[in-house]
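When a ligand or atom number is given, it counts from 1 through the structure's own listing order. Position 1 is the first residue of the sequence; numbering continues from there.
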Amino acid sequence: MPSRAQGRVIVVGSSNTDLVVHCAKLPGAGETVLGGDMLTFAGGKGANQAVAAARAGAKVYFIGAFGDDAFGQARRADLEREGIDCSGCVVKKGVPSGVALIAIGKSHKGSKAENLIVVAPGANARLTPADVKKGMPRVLNTQDAVICSLEVPFNCIEIALKMAWPRSGNVILNPAPMPADGLPKVFLDHCHFITPNETEFELLTGAPVGSPSAIKKVAKLAGNHGLLYPEILVTRGPLGVDLYSQTCRDLKKEVARVVKELGRTPSKNEIDGYQPGFAKAPKVKVADTVGAGDCFNGALAAFLSYDDSVVNSAVEFAVAAASLKVTRHGSQAGMPYRHEILKMMKKLPRS
Ligand code: RIB
């Protein structure tokens, strides 16, 4: 149990209503396929992360924008029912709330179910830096964790990261959806963790996960503040999470100190700053992967808000949470509770 006071999780991001159709095969361009009944779920990367964090035991504060329509009212009510503080949110007059059109089915090439998502951002795209500035809690403490994802305008993310960075000890940037031309340097300079999936990692660094050039590319992403951030946690679904750490810049020089601290010699991968399988995932029966990344981020932030002394434990907690989410339907609906995550942690494969 942590020895320090529990912090909060502050989430800056989107809220959507997910309109989901399952189909046997996803359509190709120009094709029409028939699917099942339409399912309506609460979604949006930011709101999903907020619910994941709340169910994982955190005190959560959400900053985002809703339209003045029935979807917006329903999505806000969902969050408030989860005990999430939405007082920093705004309602945009005459604007529709965010909607995501999601098709789930097998792709033409693959045998596994995948998803296609098109987002109509609506109010999310109208969030402004002034809204974020006004919505951010006046006081942020080192034990608070902040998560930002990229379904709201970049100038909002920039202000959120800049407000969070000097004060919160755990600033997480979830680069989703990841722009094809990489991230603004100012983002990299103002976060402790970046949490891409494999595709996002490749867009971010220009190198595939685990490739020989990836370590060098990651070092180039280091912040301009002389600190060993950002750490990159690559979420790889059933393969768990790989860590690309900036600490290698220190480790090479300071192996002796590290041997003393760890009580063992660091592995070559640790010295190089790349730890594949940093946290391993259990085998589970997959029902719906939509929101699994959001679940990882929310649970990670929740853990860090009450104990950030061992990052490895926080990542294992988040992997356990995401492994449970994929067994359930719906983004927010499928987020697991803390007691379930702690139980699942015991089933994680150990190296
Ligand atoms: O990450 C999953 C989310 O992406 C969905 O809930 C959908 O709303 C889109 O934002």
Side-chain angles (χ1 to χ4, degrees), residues 11-22 26 38-56 62-67 69 71-72 74-76 78-79 82 84 89 96-105 113-127 147-154 156-157 172-179 194-201 203 233-237 286-301 318-319 321-336:
V11 181
V12 181
S14 60
S15 152
N16 291 329
T17 297
D18 291 353
L19 305 179
V20 181
V21 181
H22 286 259
L26 293 170
M38 187 185 75
L39 306 167
T40 305
F41 290 116
K45 295 188 193 303
N48 293 346
Q49 292 165 357
V51 171
R55 292 195 182 175
F62 178 63
I63 300 167
F66 303 101
D69 53 10
F71 275 161
R75 297 296 73 87
R76 185 180 184 134
D78 290 337
L79 297 181
E82 299 284 343
I84 296 165
C89 289
S97 296
V99 170
L101 304 176
I102 304 181
I104 302 177
E114 295 181 46
N115 52 63
L116 284 180
I117 306 183
V118 179
V119 175
N124 297 307
R126 272 78 159 198
L127 188 72
I147 321 177
C148 295
S149 51
L150 305 182
E151 281 183 339
V152 293
F154 274 22
C156 295
I157 299 304
I172 302 167
L173 175 63
N174 174 223
M178 175 71 198
I194 305 187
T195 54
N197 63 22
E198 291 174 82
T199 314
E200 290 153 0
F201 178 87
L203 285 170
L233 297 165
V234 191
T235 54
R236 306 188 68 190
V286 177
D288 175 358
T289 57
V290 180
D294 303 329
C295 181
F296 175 86
N297 281 278
L300 177 72
V319 166
S323 306
L324 283 164
K325 156 63 204 92
V326 298
T327 64
R328 299 166 185 184
H329 287 281
S331 294
Q332 289 169 37
M335 297 303 178

Review point. Taking it one step at a time, do N174 and Q49 satisfy side-chain hydrogen bond (donor to acceptor under 3.5 Å, both in side chains)?
Key: CA-CA 10 Å; N174 174 223; Q49 292 165 357; 3.1 Å; yes
Review point. What residue and heavy atom of the protein are closest to atom 4 (O) of ligand 1, and at what distance?
Key: K45 NZ, 3.1 Å
**Study point:** Element-labelled atoms of ligand 1 that are located less than 4.0 Å from some non-hydrogen atom of E151
**Key:** 4 (O), 9 (C), 10 (O)
Point to revise | Which of the ligand 1 atoms, numbered from 1, are nearer than 4.0 Å to a heavy atom of G43 | key: 6 (O), 8 (O)
Check your understanding: What atoms of ligand 1 come closer than 4.0 angstrom to any heavy atom of A100?
Key -> 7 (C), 8 (O)
Review point. Are the side chains of P177 and K45 in touch, meaning some heavy atoms are under 4.5 Å apart?
Key: yes
**Study point:** T235 side chain near E200 side chain, heavy-atom distance below 4.5 Å
**Key:** no
Review point. Within a strict 4.5 Å, meaning less than it, do heavy atoms of the P96 and F71 side chains meet?
Key: no
Review point. For atom 2 (C) of ligand 1, which protein heavy atom lies nearest, and how many Å away is it?
Key: D294 OD2, 3.3 Å
Practice item. List the atom of L150, the atom of P179, and the distance in Å for their closest heavy-atom pair. Key: CD1-CD, 4.0 Å
Practice item. Of all the heavy-atom pairs spanning M335 and A52, show the shortest one and how long it is. Key: SD-CB, 3.8 Å
Point to revise | Test item, G44 contacting ligand 1 (heavy atom, 4.0 angstrom) | key: yes
Study note, to complete from the structure: Closest to atom 7 (C) of ligand 1 among protein heavy atoms sits D18 OD1, 3.3 Å
**Study point:** Minimum-distance protein heavy atom relative to atom 3 (C) of ligand 1
**Key:** N48 ND2, 3.7 Å
Check your understanding: Hey, is ligand 1 close enough to S14 that some N/O pair sits below 3.5 Å?
Key -> no
Point to revise | side-chain hydrogen bond (donor to acceptor under 3.5 Å, both in side chains), paired with Q332, selected from D18, N48, D294 | key: N48
Check your understanding: For ligand 1, is there an atom lying under 4.0 Å from some heavy atom of G291?
Key -> yes
